[in-house]
Amino acid sequence: MDIKRIEFSVTNACTSRCKHCSVGNASNQIKININKNLATTLVSELSKKYDIESVMTFGGEPLLYADTVCAIHKVASEKGIPKRQIVTNGYFSEDYGRISTVAKALKQSGINSLLLSIDAFHREHISLDKVYLFAKAVSDECISGFKLHPAWVVKREDHNKYNEETEECLNYFVDLQIPITQGNNIFPSGNAAIYLSEFYEKKPINLSMKCGEAPYTERLDNVETIAINPNGDVVVCCFIIGNIYCDNIIDIVRQYNPCTNPMIWALINGGVRELIKLAEEYEITVDTTQFYSACDVCRNIVKRLSLRITS
């Protein structure tokens, strides 16, 4: 590993229940949040050993635990980590005093990239006038890197009811003159695979694809990004490699060895096709026609196969 980026999922609690959420329906899960002290220690320790370029906080809704978010980015700023980013839906309180206080704290923490999720899916559960209060407070604080961050079904140019509504949502904030990112093209996984499947077509999957060849992935034998879940799990792609409540983060990173995990080793050597062969050795069958991508197939196998291999 040569860690360049740390991603914190601060909490699995959220103020919305979006149809496009890749996490899926988490309404029945016990709501947890990451320990602030452990999170800040992790940033400090890793920055001593690695040239960290980026720290991101998201959720759930991370600003339900704004103190933790600000503490993480304050340490990142003090350690000279260049990019300090938060992704938020902007709704964590209806008290403008609280909203204003959090905006000031975000400014003071050194955040230099704030992406505010604005689209049809969030509006279904969070009225725009509530989010506007936060957008106004952030604009008043002149937080650098503040942008609206929409999500598009298929792509922005695709004509469908959700994209049209998202354009309307963006126009609601036009008076604040907030820049808009290109946004995310929604991928059909989690809730999106359930509620938005009509917009996506299942196509033949390239089973020879390896990690690092698909978008938003990297080689499992050249890892630069780790994610920290609210329960303390340290994750590389979809593989849990340790837990910060049990072990020191430096030890977790140092002990990572892709050769010792048969699933990771299969992916490195033969892509998803080799992972399918490994699953079959454990009498797990996979119907690839039910998935939208090689990554979907991989995640499904890892979830099922991990129980067999570790038992």
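Along the sequence shown, residues carry numbers from 1.
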- Flag yes if I264 and I240 sit in one hydrophobic cluster, no otherwise; membership is Ile, Leu, Val, Met, Phe, Trp, Tyr, and two members link when side-chain heavy atoms are under 4.5 Å apart. no
- Checking E218 side chain against E224 main chain: does a donor-acceptor pair fall under 3.5 Å? yes
- Query: With distance as the sole test, does W152 use its side chain to make a donor-acceptor pair with the main-chain N or O of D158 at under 3.5 Å?
  - Reply: no
- Are D95 and S93 close enough that a side-chain donor and a side-chain acceptor fall under 3.5 Å? no
- Side chains of S54 and R5, donor plus acceptor under 3.5 Å: yes
- Query: Is there a side-chain contact between Q85 and I111, using heavy atoms and a 4.5 Å cut-off?
  - Reply: no
- Query: Is the closest basic N to carboxylate O distance between E167 and R156 below 4.0 Å?
  - Reply: yes
- Query: Do S44 and K79 come close enough that some side-chain heavy atom pair is under 4.5 Å?
  - Reply: yes
- Item | Backbone N/O of N89 and side chain of E61: donor-acceptor pair under 3.5 Å | yes
- Interatomic distance, CG@L64 vs OG1@T11, rounded to 0.5 Å, equals 6.5 Å
- Message: Is there a side-chain contact between L38 and L42 in this structure, where contact means two heavy atoms from C-beta onward sitting under 4.5 Å apart?
- Response: no
- Item | Test ring-ring contact (aromatic ring centres under 6.0 Å, His included) applied to H122 and H149, step by step | CA-CA 11 Å; H122 286 90; H149 190 56; 9.9 Å; no
- Task: Tell me, yes or no, whether the heavy-atom count around K4 atom NZ, taken from other residues, nucleotides or ligands under 6.0 Å, exceeds 12.
- Result: yes
- NZ (K202) with more than 12 external heavy atoms under 6.0 Å: yes
- Item | Residues K48 and E45 bridged, charged N to O under 4.0 Å | yes
- Note on the structure: Residue pairs passing the ring-ring contact (aromatic ring centres under 6.0 Å, His included) test with at least one member in residues 71-118, sequence neighbours excluded, are F92-F134
- Item | Exercise: do N231 and N229 side chains pair donor with acceptor under 3.5 Å | no
- Item | Value rounded to 0.5 Å, distance of CZ in F146 from OG in S144 | 11.5 Å
- Going by heavy atoms in the side chains, are V234 and N243 under 4.5 Å from each other? no
- Query: Linking I/L/V/M/F/W/Y whenever any side-chain heavy atoms sit under 4.5 Å apart, do L267 and M209 land together?
  - Reply: no
- Task: Kindly compute the distance separating CD1 (I6) from CD1 (I226), expressed to the nearest 0.5 Å.
- Result: 5.5 Å
- Task: Check the side chains of N35 and N37 for a donor-acceptor pair under 3.5 angstrom, ignoring hydrogens and angles.
- Result: no
- Query: How many angstroms lie between atom NZ of K161 and atom OG1 of T166, to the nearest 0.5 angstrom?
  - Reply: 12.0 Å
- With no hydrogens and no angle check, is any side-chain donor or acceptor of T217 less than 3.5 Å from a backbone partner on A214? yes
- Query: Below 4.5 Å, heavy atoms only, C-beta onward: do I52 and V55 meet side chain to side chain?
  - Reply: yes
- Item | Verdict with supporting geometry, T88 and S117, side chain to side chain contact (heavy atoms under 4.5 Å, CB included) | CA-CA 6 Å; T88 172; S117 299; over 6 Å; no
- Message: So does I81 get a backbone contact from the side chain of R84, meaning a donor-acceptor N/O pair under 3.5 Å?
- Response: yes
- Query: Under the 3.5 angstrom rule, does the side chain of R123 hit a backbone N or O of E165 as a donor-acceptor pair?
  - Reply: no
- Measure from the side-chain N and O atoms of N185 to the backbone N and O of A151, and report whether any donor-acceptor pair falls under 3.5 Å. no
- Message: In the structure I gave you, are the side-chain heavy atoms of S113 and I86 within less than 4.5 Å of one another anywhere?
- Response: no
- Message: Using 30° and 60° as the class boundaries, would you call the ring planes of F121 and Y162 parallel, tilted or perpendicular?
- Response: parallel
- Message: Could you tell me if the side chain of I276 sits less than 4.5 Å from the side chain of V272, heavy atoms only?
- Response: yes
- Query: To the nearest 0.5 Å, how far apart are CG in D119 and NZ in K19?
  - Reply: 12.5 Å
- Task: Following the transitive rule for hydrophobic clusters with a side-chain heavy-atom cut-off under 4.5 Å over Ile, Leu, Val, Met, Phe, Trp and Tyr, establish whether V235 and V43 coincide in one cluster.
- Result: no
- Message: More than 12 heavy atoms of other residues, nucleotides or ligands under 6.0 Å from CD of Q177: yes or no?
- Response: no
- Query: In Å, rounded to the nearest 0.5 Å, how long is the span from CD of E7 to OG1 of T225?
  - Reply: 6.0 Å
- Qualifying residue, where the test is side-chain contact (heavy atoms from CB on, under 4.5 Å) with P150 and the options are T181, N184, I118, N163: T181
- Query: Donor-acceptor pair, S306 side chain versus K303 backbone, under 3.5 Å?
  - Reply: no
- Message: Tell me whether the count of non-hydrogen atoms from other residues, nucleotides or ligands lying under 6.0 Å of CD in E78 goes above 12.
- Response: yes
- Is the side chain of N12 donor-acceptor paired with the backbone N or O of I30 at a distance under 3.5 Å, no angle test? yes
- Got a salt bridge between K83 and E53, using NZ or NE/NH1/NH2 to carboxylate O under 4.0 Å? no
- Message: Does any part of the side chain of C169, heavy atoms only, come nearer than 4.5 Å to the side chain of L128, both counted from C-beta?
- Response: yes
- Item | Closest heavy-atom pair and its distance - C70, S109 | O-CB, 3.4 Å
- Message: Does anything in residues 218-273 form a ring-ring contact (aromatic ring centres under 6.0 Å, His included)? List the pairs, not counting sequence neighbours.
- Response: none
- Query: Can you check whether G110's main-chain N or O pairs, donor with acceptor, with S77's side chain at less than 3.5 Å?
  - Reply: no
- More than 12 non-hydrogen atoms from neighbouring residues, nucleotides or ligands closer than 6.0 Å to CZ on R219, yes or no? no
- May I ask you to check whether over 12 heavy atoms, not counting those of E198, lie within 6.0 Å of atom CD? yes
- Examine L116 and L176 and state if one hydrophobic cluster contains both, with Ile, Leu, Val, Met, Phe, Trp and Tyr joined whenever side-chain heavy atoms are less than 4.5 Å apart. yes
- Query: Y292 vs F187 aromatic rings, parallel, tilted or perpendicular, using cut-offs 30° and 60°?
  - Reply: perpendicular
- Query: Which ILVMFWY residues can you reach from V87 by hopping between side chains whose heavy atoms are under 4.5 Å apart?
  - Reply: M56, F58, L115
